Amino acid sequence: MAASDHRTDEPVVLVAHGSRDPRAAEAIRGLARAVAVARPGQQVLASWLDHTEPDPTTVLRDLAAAGHSRVILVPLLLTAAYHRRVDIPAAVAAAHESGTPIRVGITEVLGPVGDEVDPALLAALRHRLAEADPGRFDALVLAAAGTRDPAARASVGRVARALGATLGMPTRVSYASAAPPAVDVAVRRLRAAGARRVAVAAYFLAPGLFHDAVTTAARAAGAVAVAAPLSTAPDLVNLILHRLSHAFVDREIGGSR
């Protein structure tokens with residue numbers, strides 16, 4: 001559906017993974033506020049798949065009960081792994097129990113779509129790096145949360161290659177969980193290969209224990225800078241707007257099929 005088909009009476013529901021760390025939820029709420037500022041007159045709501053309320057099923061049911069006939073759902077996910085393939089469709093399907101019909105448009109995730117890495121995502125990563133250390137560095141580690149899904153890891157690799165190409169330097173991937181290498185291993189490998197100033201880009205949407213651990217381990221391994229999570233970076237807001245302006249899948253929940 002084209003951008004011109006979107007109406008400001010269609011609420012936008014952002015769906016984040018969720019974390020036990022309260023900083024993560026506050027960052028997502030801030031992101032929702034930033035998107036709302038960029039979409040004047042359109043309701044923008046935050047939801048979480050785990051740890052934080054409300055969950056997307058509850059938000060969809062409440063919107064349907066309030067009389068909305070259509071909602072746009074944006075997965076705040078950096079890969080199209082299990083949460084996008086299973087959890088989000090399950091949350092949408094669970095809203096069927098409300099008995100009130102509502103159409104749900106689901107956008108692509110924020111990470112790569114196929115082979116394409118959105119320029120706004122790369123810009124957000126670059127700007128966070130510049131904030132962490134405005135000086136020069138000669139190698140980069142893209143630190144991600146981690147996944148056992150090979151396709152999701154491949155998409156992280158595409159982001160690393162694209163980011164390295166835009167910066168003109170060797171770039172490696174690291175993971176905070178589920179897959180090797182850890183960030184300290186990746187930093188040490190680059191330093192052993194001759195890099196003198198290694199920086200770490202944070203492929204995280206929000207602060208939390210993973211980002212804290214990455215920061216500590218990277219600095220202990222000799223990294224000169226560790227970027228902050230993307231959070232409310234203006235380029236991330238632009239990326240969400242870009243997702244909202246492009247084709248998405250419609251699904252009706254509740255009522256007759």
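Not measured: the values here are computed from a predicted model.
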**Message:** Consider side chain to side chain contact (heavy atoms under 4.5 Å, CB included). Of Val13, Val104, Thr58, which one does Leu63 pass it with?
**Reply:** Val13
**N/O donor-acceptor pair under 3.5 Å between Gln42 side chain and Glu10 backbone** = yes
**Request:** For the residue pair Val109 and Leu78, establish whether any side-chain heavy-atom pair is separated by less than 4.5 Å.
**Result:** no
**Message:** Run the side chain to side chain contact (heavy atoms under 4.5 Å, CB included) test on Trp48 and Asp55 for me, step by step, so that the C-alpha distance in whole Å, both residues' side-chain angles and the decisive distance to 0.1 Å come before the verdict.
**Reply:** CA-CA 5 Å; Trp48 292 265; Asp55 60 78; over 6 Å; no
**Request:** For the pair Arg243 and Asp118, find out whether any cationic side-chain nitrogen is under 4.0 Å from an anionic carboxylate oxygen.
**Result:** yes
**Item:** Arg29 bridged to Glu26 by N-O distance under 4.0 Å
**Value:** yes
**Asked** For the residue pair Phe204 and His211, does the interplanar ring angle fall in the parallel (under 30°), tilted (30 to 60°) or perpendicular (over 60°) class?
**Response** perpendicular
**Request:** Output yes when Asp184 and Arg188 qualify as a salt bridge under the 4.0 Å nitrogen-oxygen rule, no when they do not.
**Result:** yes
**Asked** Would Val113 end up clustered with Leu125 when hydrophobic side chains under 4.5 Å apart are linked, directly or stepwise?
**Response** no
**Request:** Would you indicate whether the side-chain heavy atoms of Leu110 and Leu230 approach each other to under 4.5 Å?
**Result:** no
**Request:** Output yes when Asp133 and Arg197 qualify as a salt bridge under the 4.0 Å nitrogen-oxygen rule, no when they do not.
**Result:** yes
**Message:** Using the rule that Ile, Leu, Val, Met, Phe, Trp and Tyr join whenever any side-chain heavy atoms are under 4.5 Å apart, tell me whether Leu205 and Phe210 fall into a single cluster.
**Reply:** no
